[in-house]
Amino acid sequence: MKSKILYKMGGLAIALSLSVGAAWAATPKAPPITADEFKQAKQIFFERCAGCHGVLRKGATGKPLTPDLTLVKGLDYLKAFITYGSPAGMPNWNDTLSEKQIDMMARYLQHEPPVPPEFGLKEMEATWKVIVPVNKRPKKKMNNYNLKNLFSVTLRDTGEVALIDGDSKKIIDVITTGYAVHISRLSNSGRYLFVIGRDAKVNLIDLWMKKPGNVAEIKVGMEARSVETSKYKGYEDKYAIAGSYWPPQFVIMDGDTLKPLKIVSTRGMTVDTQEYHPEPRVAAIIASHQHPEFIVNVKETGKVLMVDYSDIKNLKITSIDAARFLHDGGWDSTHRYFMSAANKSNKIAVIDSKTDKLAALVDVGKIPHPGRGANFRDPKYGPVWATSHLGDDTVAVIGTDPVKHRKHAWKVVRTLKGQGGGSLFIKTHPKSTHLYVDTTLNPDVKLSQSIAVFDLKNLDKPYKVLPIGKWANLGKGAKRVVQPEFNKAGNEVWFSVWSGTKEKSAIVIVDDKTLKLKKVIKDKRLITPTGKFNVYNTMHDIY
């Protein structure tokens, strides 16, 4: 629905037509911006910036970008900041945005942000489609693919996922999804693949079909990151849940069809100052193995919600006060303790999913960003879980065994030093003796294209460096190396590599035993491959 808003500039009134129905008004003293530029900038902000800075630009992982702050900084400062980034974790955008687009974004940020509309049951139902009814789907697997070693690979800039056979390394198919799929999750049976785009579109893909494809879809809001399915005994595959950044809420859906059943708002008070927050976004969601519950991180308020789905009509939610700016995280090795990063609080919240209580808040480095984290057995401290950080070069290793290693439990027992500049992802596997830490945010091009590898048998040894970007052999220009993921056997690690142009991308596969290059997957359909999710490892929460 289009709404016409008046933009006053130099005594003139210019009618702006905004296609998303978001109310907007110009800010006094802000630099001029045309209707077309505003529309373009709004889309770029949604795609590239809102995840860190918020839809309303009030800040979270990234700094606030509201006009009271951006007008003071001025046009030249904002252009330089967007172009070159900052050591605190802001990436440089000059390899993605043109000089003209950067100028446009710097002007856009000095105007009040448009407020997107709400998105309730009526809006969700209008987008909900069952493409293949349940009774028309196969009763057994109809293909010969080794689904346990299948990879769901996000093709960020095309709004697709590629299904890649982990055995043959060949693309099975490329499936249309929402924009920039953030995560892929598997149903408990391993049959259904759930993916969610940053545009809040959820796709349900049936892997049993002769040619795996979409069987249902729904849009749950304007922007989102998280989807998960029920795993507790007796509820396997029964429900799915998706959490939105905008509107700040989550929805429980039927697991076979994505029919929306229950919508819950997450707006409320913060855990520290107990002030009302209008945009407390849903970050990580994880399915409990201890109870019929979904564990939902509410980013800005710092609350962890234990959502009991045993009775949808009388939904019971236990709210746990943790720390503000909850983001991503994963299980410890026992699948009892949820290790969640409260990134701007520089803490890891430990949630005991058996008792539904906070077990600990652990102080770590600057802006922890673990992905799902990494579980391994430390030679000295026993079972541990590790996270790297966006804001420094360290890896925090936390003890996770409160029974046999009680004195080390929920403490940072070891701090490893990486290559510097901030890390996005960390990865290992129960069958591996290596810990992989990326260096994507390092301003040094050579370092940012490489991976640090620690020897888990001797963590005092210097790390080895793997030149992943060089191995990709994508020609000249800077490369971005992201998201390591193991295969089912735990003997291969897959890395995504982007070059300066979208069309030049690759997946680099490393032999985990020898740390040597094993294979490079290149295909014209692999455009900005990002997150890779191995079916077996994702099903069983192995990381």
Side-chain angles (χ1 to χ4, degrees), residues 48-54 57-65 69 73 77-78 80-93 182 225 270-272 281 283-284 297 299-300 302 322-330 339-350 360-374 384-398 411-427 435-452 454 463 465 480-484:
R48 307 291 187 184
C49 317
C52 288
H53 298 284
R57 305 213 304 255
K58 294 182 181 294
T61 304
K63 293 181 180 296
L65 294 173
L69 302 172
K73 296 294 186 183
Y77 173 92
L78 293 170
F81 189 68
I82 297 168
T83 301
Y84 301 110
S86 77
M90 169 77 171
N92 60 300
W93 289 103
H182 190 239
R225 294 295 191 278
T270 61
V271 297
D272 45 12
R281 301 172 289 175
N297 273 355
K299 195 181 190 83
E300 279 75 15
R324 291 192 68 190
F325 308 113
L326 293 165
H327 192 57
D328 52 359
M339 313 290 290
S340 178
N343 51 31
K344 288 291 282 186
S345 295
N346 302 329
K347 297 179 186 295
I348 296 294
V350 183
L361 281 174
V362 185
D363 291 318
V364 292
K366 189 175 181 181
I367 315 179
H369 191 277
R372 288 171 286 180
V384 295
W385 178 91
T387 180
S388 54
H389 304 86
L390 290 174
D392 63 36
D393 62 355
T394 67
V395 174
V397 181
I398 299 170
K411 297 175 183 176
V412 175
V413 296
R414 192 189 292 271
T415 300
L416 307 176
K417 287 278 188 177
Q419 296 190 88
S423 170
L424 281 172
F425 295 104
I426 184 172
K427 184 67 67 174
L435 177 67
Y436 297 81
V437 182
D438 71 21
T439 322
T440 310
L441 300 177
N442 196 298
D444 184 306
V445 172
K446 186 176 180 181
L447 288 178
S448 69
Q449 296 177 174
S450 65
I451 297 290
F454 293 87
Y463 56 77
V465 178
R480 183 165 289 187
V481 179
V482 295
Q483 191 93 34

Pairs where residues 411-421 contributes a residue and the test salt bridge (Lys or Arg N to Asp or Glu O under 4.0 Å) is met, not counting sequence neighbours | D378-R414, D393-K417, R414-D460

Side chains of V412 and D363 in contact at under 4.5 Å (non-hydrogen atoms) | no

Taking the six-membered ring for Trp, are H327 and H369 parallel (under 30°), tilted (30 to 60°) or perpendicular (over 60°)?
-> tilted

What heavy-atom pair brings L361 and A323 nearest, and what distance separates the two atoms?
-> CD2-CB, 4.2 Å

Value for CD1 (I451) from CD1 (I426), rounded to nearest 0.5 Å, stands at 11.0 Å

Between S423 and the options D438, T394, D392, T387, the side chain to side chain donor-acceptor pair (under 3.5 Å) test singles out D438

Name all residues meeting the ring-ring contact (aromatic ring centres under 6.0 Å, His included) criterion together with H389; count only those two or more places apart in sequence or in a different chain, and write none if there are none.
-> none

Below 4.5 Å, heavy atoms only, C-beta onward: do I398 and V384 meet side chain to side chain?
-> no

If you look at every heavy atom in G329 and P370, which pair is closest and at what distance?
-> CA-CG, 4.2 Å

Measure from the side-chain N and O atoms of S345 to the backbone N and O of R324, and report whether any donor-acceptor pair falls under 3.5 Å.
-> yes

So, do T439 and S448 sit near enough that their side-chain heavy atoms are less than 4.5 Å apart?
-> no

Less than 4.5 Å apart, any side-chain heavy atom of V437 and any of L416?
-> no

Please step through side-chain contact (heavy atoms from CB on, under 4.5 Å) for the pair M339 and R372, ending with a clear verdict.
-> CA-CA 8 Å; M339 313 290 290; R372 288 171 286 180; over 6 Å; no

